[in-house]
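Please read the structure below before turning to the comments.
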There are 2 protein chains.
Amino acid sequence: MRAAVHRAVEELLAEEVGDGLTIPAVAARAGVHATTLYRRWGSVGELLADVATSRFSGDVVVPDTGSLRGDLQRWAADVATDLADPDVLALMRATLGAGGEQGACACRGDREDQLAAMIEREKARGGTAPTVERTADALLGPLYYRAIFTGEPGSPDWARGLVDLLLPG
Amino acid sequence: MRAAVHRAVEELLAEEVGDGLTIPAVAARAGVHATTLYRRWGSVGELLADVATSRFSGDVVVPDTGSLRGDLQRWAADVATDLADPDVLALMRATLGAGGEQGACACRGDREDQLAAMIEREKARGGTAPTVERTADALLGPLYYRAIFTGEPGSPDWARGLVDLLLPG
DNA sequence: AAGCTAACGCAACGATCTGTGCGTTCGTGC
DNA sequence: GCACGAACGCACAGATCGTTGCGTTAGCTT
């Protein structure tokens, strides 16, 4: 039932409904009653934040290639591929608009945690690594900026190039 | 009259109305009739895109300090200060959600053009400069990412630090 | 097995939004 | 001076949304 609602939201977003993404519309598509949605989520914003949390958490596995550079390159390419999906873009834009602060953070998912995991692993290997903050600035910043604010999301190759600009050498 | 509507939109956004930003609400605040807004803009999304275009175009003057590093540092600090305003944040989030692709591009305003102007000036001086694309990745990316997706917009000092990471030396 | 709580379906109401037709006003060009 | 078109105010109607109250069902505890 929760799964049906989530699927209905993603389907409606994929159909360019724009501001037509309302509780009754989602309920009709999911085959449940609008009352249930009002009770469980209360508003479109909270529903979208919930969908975004599910969508952006755990969908990208943390790679383990043996080196920080390899890990980050693979991870950045995966994120770029994910952000290139128009449906994902529509979900993020709608969540940002209706979900406020909570929705915005939901769009990040656990991606900064994934960065922290890779950096921690490199340090455990005895290597040196930039801070999580700087890595987020150099990778997540451009990745999300291009996806959201420009019509052209970055390619996986371009994402890999970001890693080369971040790491020395 | 157009100015009154724009002011009404910004006021309502500053009041955390959330999804209560509707055409009738804006019309009542601006002292005009909703019919006029429906005819001129058609939807909240187009209205927000219009407001965003006005807000994000020409509000930051291109500095001229004599060096590319100085120009970029000053410009980045100005943009960071601008993005730290909660009202600006609310406007961007609402525009992203309701304005679709058009609204998203409106949030960039002419900031990439400003970057291009500074880079062009450095080249006219005979100096070397990174491409506009890479500069946007290194500056606009982190600036916008932190403002939109995290609750903590970057400080002007942090923004200046981004320039040092971009330029060699 | 009986009771209880939580969750969902259902119907109805009030409020709000979206869109249309008509009259008026203001500015422009002949 | 006069005709014309664009823009706005106004009132109204259809449609949709958000909310409440009640009945029913499923699952869990005792």
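Reminder, nothing fancy here: chain letters follow the sequence lines and each chain counts from 1.
No option in A:Arg7, A:Arg2, A:Met1 other than A:Met1 meets the side-chain contact (heavy atoms from CB on, under 4.5 Å) test with A:Val5.
The NE2 atom of B:His33 sits 16 Å away from the P atom of C:dT24 (whole-angstrom rounding). The distance from atom CZ of A:Arg40 to atom P of C:dA7 is 7 Å, rounded to the nearest whole Å. Between the P atom of C:dA11 and the OH atom of A:Tyr38 lies a distance of 17 Å, rounded to the nearest Å.
B:Leu47 has its side chain within reach of B:Val9: a pair of non-hydrogen atoms, C-beta onward, lies under 4.5 Å apart.
Checked against a 6.0 Å centroid threshold, the rings of A:Tyr145 and B:Tyr145 do not count as neighbours.
End-to-end axis angle of the helix from C:dA1-D:dT30 to C:dC30-D:dG1, from C1' rotation axes over five pairs per end: 30° (rounded to 10 degrees).
Nearest-nucleotide positions on DNA chain D place B:Met1 closer to the 5' end than the other of A:Ala34 and B:Met1. Two residues, A:Gly31 and A:Asp19, neighbour DNA chain C, and the one matched to the more 5' nucleotide by heavy-atom proximity is A:Gly31.
Counting 5' to 3', DNA chain D first comes under 4.0 angstrom of a heavy atom of chain B and last does so at the ends given by D:dC8 to D:dA11.
The cluster map of Ile, Leu, Val, Met, Phe, Trp and Tyr, joined by side-chain heavy atoms under 4.5 Å apart, puts B:Leu48 and B:Trp41 in the same cluster. Connection of B:Leu83 to A:Tyr144 is established within a shared hydrophobic cluster, with ILVMFWY side chains joined at heavy-atom distances below 4.5 Å, either directly or through further cluster members.
The residue A:Arg39 sits close to a base: some heavy atom pair falls under 4.0 Å. Contact annotation for B:Thr35: base contact, defined as any heavy-atom pair under 4.0 Å involving a base atom.
Between B:Thr22 and C:dT16, a side-chain N or O to OP1/OP2 separation shorter than 4.0 Å is absent.
A donor-acceptor pair under 3.5 Å links the side-chain atoms of A:Thr65 to the main chain of A:Asp71, judged by distance alone. A donor-acceptor contact shorter than 3.5 Å is absent between the side chain of B:Arg93 and the backbone of A:Ala104.
Proximity note for B:Pro24 (side chain, C-beta onward) versus C:dG9, C:dG21, C:dT18: the nearest is C:dT18.
Cation-pi check for B:Arg160 over B:Trp75 is not met; the charged atom does not lie both under 6.0 angstrom from the ring centroid and within 45 degrees of its normal.
Taking each heavy atom of B:Ala159 and B:Ala76 in turn, the nearest pair found is CB-O, 3.5 Å.
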